[in-house]
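First the structure, in the form of structure tokens, and then the observations on it.
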Protein chains: 2
Amino acid sequence: MGTTDKSPASDAEAHVRRLWRHRGAAPPSPRRGPRPQLALDAVLDAAVALADAEGLAGVSTRAVAARVGVSAMGLYPYVGSKEQLVALMQDHASVMPAWDDAGPALADDVEAWALRLFDLHVAHPWLAEVPWAQASGGPQEQDWLERLLAVLERHGIAPPRRAAVVTALYATVRASAQTAAAYRGMADGEAAAWRERAAATRRLVPDLTERYPRSTSLPPVADDWREAPREGVRQTVRLLCRGLEADGGA
Amino acid sequence: MGTTDKSPASDAEAHVRRLWRHRGAAPPSPRRGPRPQLALDAVLDAAVALADAEGLAGVSTRAVAARVGVSAMGLYPYVGSKEQLVALMQDHASVMPAWDDAGPALADDVEAWALRLFDLHVAHPWLAEVPWAQASGGPQEQDWLERLLAVLERHGIAPPRRAAVVTALYATVRASAQTAAAYRGMADGEAAAWRERAAATRRLVPDLTERYPRSTSLPPVADDWREAPREGVRQTVRLLCRGLEADGGA
DNA sequence: CGAAACGCTATACACTGTAAGGACTATGGG
DNA sequence: CCCATAGTCCTTACAGTGTATAGCGTTTCG
């Protein structure tokens, strides 16, 4: 019987082997047939570069195939499918840098983690485009999570209280990174369209400022707007940590 | 000269008119040509029902056109474009329910807001699929924001401290709703694929539990997992509010 | 040395959003 | 009143997507 069937089981297994190929899992393809003319890391480099430049929408199988000098279908032995490709891209782009913490204050350690994750998402804005639910499940993602859990543990946060903090932190970092990316793209015509809509709304809805006094009078993007999302992450971290320290263990 | 050009300005204007059609903005199309055989609200009802059933990916122009008994292109006079269609859908599905707050505790009022927004996102899981940055800009969205800001104001949270809380709350609610939706879809074959991947990872990466002791020993989804995301939202709200009350005004 | 498994290409299919052009219809200005 | 105009709605068509399939050529195993 053929050992290379396309059963969902072996498909999932091949994907996991590729994901964890640098952490002790052997990549698939038991030596047979012609030598692969590409390396998976090269493919992912190309795909990530493409996503950095044009967003996730610019990553089509044909586009990255062309970039590595291969026809569209030639990619499939390397990445399995489009969905698995973006999972591999996520992991490939999510390498966790090294830094010291073990400081006395919880807030400082959490802030260090959060700001580094934020910077990663700003460097690769498409990371926040891929839905929260379908995380890659790869090693780098696991590194980040484990690191945060270690910080919480070291500062004596009880296990049942950790989940909420983890969710809040990931969610806030991702959302802030997305607005930062939106700010960054404000030079394009995209900004003009946005301003156009805002102006039209004010023009066409007469009682807008009376009906929404608070939301329409929000600071209309101050001078330091480029740094605002990053600063927002810092504030949220401090808020959360202050909340954690406010009660002993409820 | 023709007044109905496709200039970006009038395109944006038509879109805003449609978005705010129930709040004093006149919808486009000054009486000319044959009477429209559809109502925009009917179109949006169909589109929202489709998204509820099959997710945002199931919403194609042809699919919703077929559902309202019209050819694919027949939709365009009503919705403008696909992007504008999903903006209209967002707003159409985001009607804010009525409830009383004005309680003495900040946490209770914020929790009421957050849980209602959470329930909305659980009822329409695709709401969390549409990227954070491209909010609809519609009236219902504005309602939600204004309401939260009113709560914060009434409890004396200073304006510069509001932005971070707002971001954290929206982000957490959306993320929690997405995991809730993922749990909900756990009966399908999607769950089997997920379990398959997890099993493969444990099998193929030998030192997984030693390398990631904390993240691999997380509670493997307890009995009350259906309610876990909602409970997580409540915990996060209390955490944030405790943090807000812990300092007078830093 | 076959033969089976693989890398890679080319072709093809179903599906997407929407541009283009035509048939028909109600309305505004003359 | 009449007709140009601005609408709705149709069919057709195009560029682009992910990927199934078939074939060719190459490498390694039995």
Side-chain angles (χ1 to χ4, degrees), chain A residues 1-8 10-11 14-15 17-18 27-40 42-43 47 50-51 54-89, chain B residues 1-8 10-11 13-15 17-18 26-40 42-43 47 50-51 54-89:
Chain A
M1 59 168 106
T3 56
T4 307
D5 51 329
K6 282 250 191 91
S7 74
S10 85
D11 195 50
H15 177 55
R17 293 184 111 106
R18 284 189 278 261
S29 97
R31 329 232 132 277
R32 202 90 147 229
R35 209 133 299 141
Q37 72 187 200
L38 258 42
L40 178 48
V43 173
L50 221 164
E54 308 181 28
L56 248 203
V59 178
S60 70
T61 56
R62 285 167 173 81
V64 353
R67 235 174 222 237
V68 294
V70 154
S71 96
M73 296 306 294
L75 228 55
Y76 277 71
Y78 293 98
V79 301
S81 75
K82 172 81 184 285
E83 190 180 342
Q84 294 176 351
L85 166 64
V86 328
L88 291 168
M89 288 171 59
Chain B
M1 56 161 102
T3 56
T4 306
D5 51 326
K6 283 252 192 89
S7 75
S10 86
D11 193 50
E13 176 166 326
H15 177 55
R17 294 184 111 106
R18 283 188 280 259
S29 94
R31 333 235 129 276
R32 205 87 149 230
R35 214 134 295 144
Q37 74 189 195
L38 260 39
L40 179 47
V43 174
L50 222 164
E54 308 181 26
L56 248 201
V59 178
S60 70
T61 56
R62 283 167 175 83
V64 355
R67 240 180 216 234
V68 294
V70 155
S71 94
M73 296 306 292
L75 228 55
Y76 277 75
Y78 293 97
V79 300
S81 74
K82 171 81 184 282
E83 189 180 343
Q84 295 175 350
L85 165 62
V86 327
L88 291 168
M89 289 171 59

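A, B, ... follow the sequence lines: proteins, then strands. Residue 1 opens every chain.
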Checklist entry - Just checking B/Val59: base, sugar-phosphate only, or nothing, at a heavy-atom cut-off of under 4.0 Å? => result sugar-phosphate
Next on the checklist: Heavy atoms within less than 4.0 Å of DNA chain D: which residues of residues 64-75 of chain B have one? Give them sorted by number.
Outcome noted: B/Val70, B/Ser71, B/Met73, B/Gly74
Checklist entry - With a 4.0 Å cut-off on heavy atoms, is B/Arg35 in touch with a base, just the backbone sugar-phosphate, or nothing at all? => result sugar-phosphate
Item to check | Distance below 4.0 Å between A/Tyr76 side-chain N/O and D/dT19 OP1 or OP2 | outcome: yes
Show each protein N/O and nucleotides 23-25 of chain D N/O combination with a separation under 3.5 Å, one pair to a line.
none

Checklist outcome for this item: Here the distance between atom C1' of C/dG17 and atom CD of B/Gln84, to the nearest Å, is 13 Å
Distances for protein N or O near nucleotides 28-30 of chain C N or O, under 3.5 Å:
{"unit_1": "C/dG28", "atom_1": "O4'", "unit_2": "B/Arg32", "atom_2": "NH1", "d": "3.4"}

Checklist outcome for this item: B/Arg62 CZ to D/dA13 C1', in whole Å, measures 10 Å
Residues 62-83 of chain A side chain polar contacts: donor-acceptor under 3.5 Å, at least two apart:
{"unit_1": "A/Tyr78", "atom_1": "OH", "unit_2": "A/Gln37", "atom_2": "N", "d": "3.3"}
{"unit_1": "A/Tyr78", "atom_1": "OH", "unit_2": "A/Leu38", "atom_2": "N", "d": "3.0"}
{"unit_1": "A/Ser81", "atom_1": "OG", "unit_2": "A/Gln84", "atom_2": "N", "d": "3.3"}
{"unit_1": "A/Lys82", "atom_1": "NZ", "unit_2": "A/Val59", "atom_2": "O", "d": "3.2"}

Checklist entry - According to a strict under-4.0 Å criterion, is A/Gln37 in side-chain N/O contact with OP1 or OP2 of C/dC8? => result yes
Next on the checklist: Regarding B/Thr61, tell me which of base, sugar-phosphate or nothing describes its non-hydrogen contacts under 4.0 Å with the strands shown.
Outcome noted: base
Next on the checklist: Please enumerate all residues that pass side-chain hydrogen bond (donor to acceptor under 3.5 Å, both in side chains) together with B/Glu13, with sequence neighbours excluded.
Outcome noted: A/Arg203, B/Arg17
Next on the checklist: How many whole angstroms separate atom OH of A/Tyr78 from atom P of C/dC6?
Outcome noted: 14 Å
Next on the checklist: Give me the atom names and distance for the closest heavy-atom approach of B/Ala47 to B/Leu85.
Outcome noted: CB-CD1, 4.4 Å
Checklist entry - Whole-Å distance between C/dG17 C1' and B/Glu83 CD? => result 12 Å
Checklist entry - Between D/dT17 atom C1' and A/Leu85 atom CG, what is the distance in whole Å? => result 14 Å
